[in-house]
Amino acid sequence: MSNRPALSYNEPIYPGGVLLKDHSCGELRKQHIGQEVTLAGWVHRRRDHGGMVFIDLRDREGIVQVVFNPQTAQQAYEVATSLRNEYVIQLSGEVTLRPRGTANANLDTGEVEVSVKKLAVLNPSPTPPFYINEDVDVDELLCLKYRYLYLRRQRLQRNLALRHRVIKFIRDFLDGRGFLEVETPILIKSTPEGARDYLVPSRLNLGKFYALPQSPQQLKQMLMVSGLERYFQIARCFRDEDLRADRQPEFTQCDVEMSFVDEEDILQLTEEMFTSLVKEVIPQKRMLLPFPRLTYREAMERYGTDKPDIRFGMELRDITDIALQTEFDIFHAAIKAGGTVRGICVPGCGSYTRHQMDELIGQATSNGARGLTTVSISSESSTSFKSTALKHITQAQLESIAARFDARQGDLLLIVADKPDVVNNVLDVLRREMADRLNLRDKNLLAFTFITDFPLLQWNDATNKWDVMHHPFTAPKDEDIALLDFDPASVGGRHYDLVCNGSELGSGSIRMHHRQLQEKIFTLLGYSSEEINQQFGPFLAALEYGAPPHGGIALGIDRTIMIFAGEQSIREVIAFPKNQNAVDMIFDAPSVVTRQQLDELNLTLKNKQIVKG
RNA sequence: GGCCCCGUGGUGUAGCGGUCUAACAUGCCACCCUGUCACGGUGGAGAUCAGGGGUUCAAAUCCCCUCGGGGUCGCCA
């Protein structure tokens, strides 16, 4: 496969049981001048001047320039002319101050260089399938197929190092607060609710299957019953659902659970952990302190979503009352059908062209709206309007609408009339779209936000059942327990989310610790007593034996690091991610298995063609 | 399962009915070059324009199908 004649490799300069290097490339500074060093690493870039060869040598710690001069080391120089990118080399030489005027301020090691005396090629390399020394976009197929090369890029190395430091910090922080890290099993029992399970067939119990954990929820609650009091785990979780830029089939959570606490304890702990984490690993980023808190209801009203990006304004405003006074049929129809009329005010976009408006209307309709009402305010006069509904709304009504939004000259109002969830969804999408267009998202700000006071339940029209907002172990608010029997929709849950810059980073709750209440919730969710017993029997039994009040939170490590690193996809912070079809592009997993393997598991495939052999 | 975007030398892009015998940058190969650092210079090789079918006098370009990659809705308690 080599696209270049293989160069035979040389014996290392210092063979034997010690490292082939005594310094890293990135660490060399002025203080090393005069030292004889041995380095090993990859050829990052070469500059062959004919009479002299410069190589940027790269290892995990950084890059240093090494110089081959035929007058000081003829043999090394001659070998150096044959070096190519990504060759693995080892060399020894003296660290020297660069000649006056040739320092490179772009390199941390730029004041020095290594004057090479001996060179060994430890392993040559074909030309890589993409640039390793430049951070240009590469087809995702190549990134994943040649993952081991993609990871050589400095950005990916930084991301993995950041990931390490984040996890290390979390472990140290929670250790310092008296938490014990406890491992829980990966092979557990499947339960049908929630996400789809990854199943693992059992050879010793033919016809039966384990499931991989979607999260260690029941296990960590049992650890509270066991008296662990403070548990955490850097836990791998598995969900067999469709992927997104921020969703992989296996992902990592910092799973935390505490006994004898209420909401405030968990929120305080989370806030302290994240503020000190940010100060430690990315001190250049700012935060809003203390973390702003929004109730679920407040978040929906002001931002139309339960994971708002509060780095910018453009908050939603309700104009249903004004809409009722207009002659605009669309508004009236929507309100009559139980809807609302709400909108956002986009600063400075009043001069948007017909084409730009059409783009926004397209975004609105593709997200479920039937249309979008726009009101442009003239940049000359705050009472001069252009609108798609100008015929149906009076000047006075337009003025009161503009006043409702605190709109100024040159602003653009985007108004949606529909059912509340459609209105909220569309305005959330438009709000984020306009923030991107206007560059309102401050990259140096981490706007952590707690969302609290979620409803416990949500009616599902499709299944004609109550769904839980979080999971079925979340406790209802004490004062709402009586409502469970006659007004479940009004019951508040002791559930909270951590949101940052529009991403949900964590989710947790205070749990139920009494069997009776837990059973009541299961029943409300539509489980029969047989189902409850079969799926949750041992868990419910555990609650009977002196389960302490407890609660916790699960924090998404991948998303946290993605945001910290400024990446658009969690694939950039995971060493070996899967593609959109959940395929491992390096090893080609999942794959067919042999007839023998299936026989051992007493499995038959419906479509026999997909068996190997 | 739905919708959207993408697929052109190794890589990243341009070209969007005729000027394409496919352009540019970089990489690759050869030669020159002793202070460069995205070194520079000269020359060269390298693409059945993802695959298949269709429309047309003419297709990288328009249409359909398939494959592959990405985004998103549903889904993710």
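Please read all numbers here as calculations on a predicted model, not as lab measurements. Numbers restart at 1 for each chain; the letters A, B, ... are given by sequence-line order, proteins then strands.
Pairing partner, rU56(B): none, since no Watson-Crick or wobble contact has both distances short of 3.5 Å. For rC31(B), the paired nucleotide is rG41(B), the pair qualifying as Watson-Crick or G-U wobble because both relevant distances are below 3.5 Å. Base pairing of rG74(B): no nucleotide in any strand meets the Watson-Crick or G-U wobble criterion (both distances under 3.5 Å). Figure legend. rC67(B) is base-paired to rG7(B); pairs are counted as Watson-Crick or G-U wobble with both atom distances under 3.5 Å. Across all strands shown, rG12(B) is found opposite rC24(B) as a Watson-Crick or G-U wobble partner, with both distances under 3.5 Å.
Remark: the separation of the P atoms in rG43(B) and rC57(B) is 44 Å, to the nearest Å. Nucleotides rU13(B) and rU34(B) place their P atoms 38 Å apart, quoted to the nearest Å. For the C1' atom pair drawn from rG68(B) and rG51(B), the interatomic distance equals 10 Å after rounding to whole Å. rA30(B) and rA45(B) have their C1' atoms separated by 10 Å, given to the nearest Å. Atom C1' of rG15(B) sits at a distance of 25 Å from the matching atom of rC67(B), rounded to the whole Å. When the C1' atom is compared between rG17(B) and rC63(B), the two are found 13 Å apart, to the nearest whole Å. Separation of the C1' atoms belonging to rA59(B) and rG40(B) is 42 Å when rounded to the nearest angstrom. For the C1' atom pair drawn from rC28(B) and rU21(B), the interatomic distance equals 23 Å after rounding to whole Å.
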Treat primed atoms plus P, OP1 and OP2 as sugar-phosphate and everything else as base, then score nucleotides 33-39 of chain B 5' to 3': B for base contact with protein heavy atoms under 4.0 Å, S for sugar-phosphate contact only, - for none.
-> BBBBBSB
Its contact letters, B for base, S for sugar-phosphate only and - for none at protein heavy atoms under 4.0 Å, make nucleotides 68-77 of chain B read -SBBBBBBBB
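Screening residues 502-528 of chain A for salt bridge (charged side-chain N to carboxylate O under 4.0 Å, His left out), with sequence neighbours left out, gives E257(A)-R511(A), D485(A)-K520(A), R515(A)-E519(A), R515(A)-E544(A). Note on residues 48-59 of chain A: pairs passing salt bridge (charged side-chain N to carboxylate O under 4.0 Å, His left out), not counting sequence neighbours, are K21(A)-D59(A), R47(A)-D56(A), R58(A)-E86(A).
Salt-bridge check for D418(A) with R370(A): passed, with a basic side-chain N closer than 4.0 Å to an acidic carboxylate O.
The minimum heavy-atom distance linking P476(A) with R494(A) is given by the pair O-CD, 3.6 Å. Of all heavy-atom pairs spanning I481(A) and L517(A), the tightest one is CD1-CD2, 4.0 Å. Residues A76(A) and V116(A) come closest through the heavy atom pair CB-CG1, 4.4 Å.
Looking at heavy atoms from C-beta onward, F450(A) lies out of side-chain contact with Y496(A) at the 4.5 angstrom threshold.
Within the 3.5 Å criterion, the main-chain N or O of V136(A) finds no donor-acceptor partner in the side chain of Y131(A).
In this structure, the CG atom of N85(A) is 13 Å from the C1' atom of rG10(B), given to the nearest Å.
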Extract all donor-acceptor atom pairs below 3.5 Å that involve side chains of residues 68-75 of chain A and protein atoms in other chains or at least two apart in sequence.
| from | atom 1 | to | atom 2 | distance (Å) |
| --- | --- | --- | --- | --- |
| N69(A) | OD1 | Q71(A) | N | 2.9 |
| T72(A) | OG1 | N69(A) | O | 3.0 |
| Q74(A) | NE2 | E78(A) | OE2 | 2.4 |

So which protein nitrogen or oxygen atoms get under 3.5 Å of nucleotides 44-49 of chain B's nitrogens or oxygens?
none

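Between H49(A) and F54(A), the ring planes lie perpendicular to each other; the angle is over 60°, past the 30° to 60° tilted range. Between H495(A) and H470(A), the angle of the ring planes stays under 30°, which puts this pair in the parallel group of the 30/60° scheme.
The neighbour count for R441(A) CZ, taken as heavy atoms of other residues, nucleotides or ligands under 6.0 Å away, is above 12.
Contacts of V138(A) with the nucleic acid, taken as non-hydrogen atoms under 4.0 Å apart, involve only primed sugar atoms and P, OP1 or OP2.
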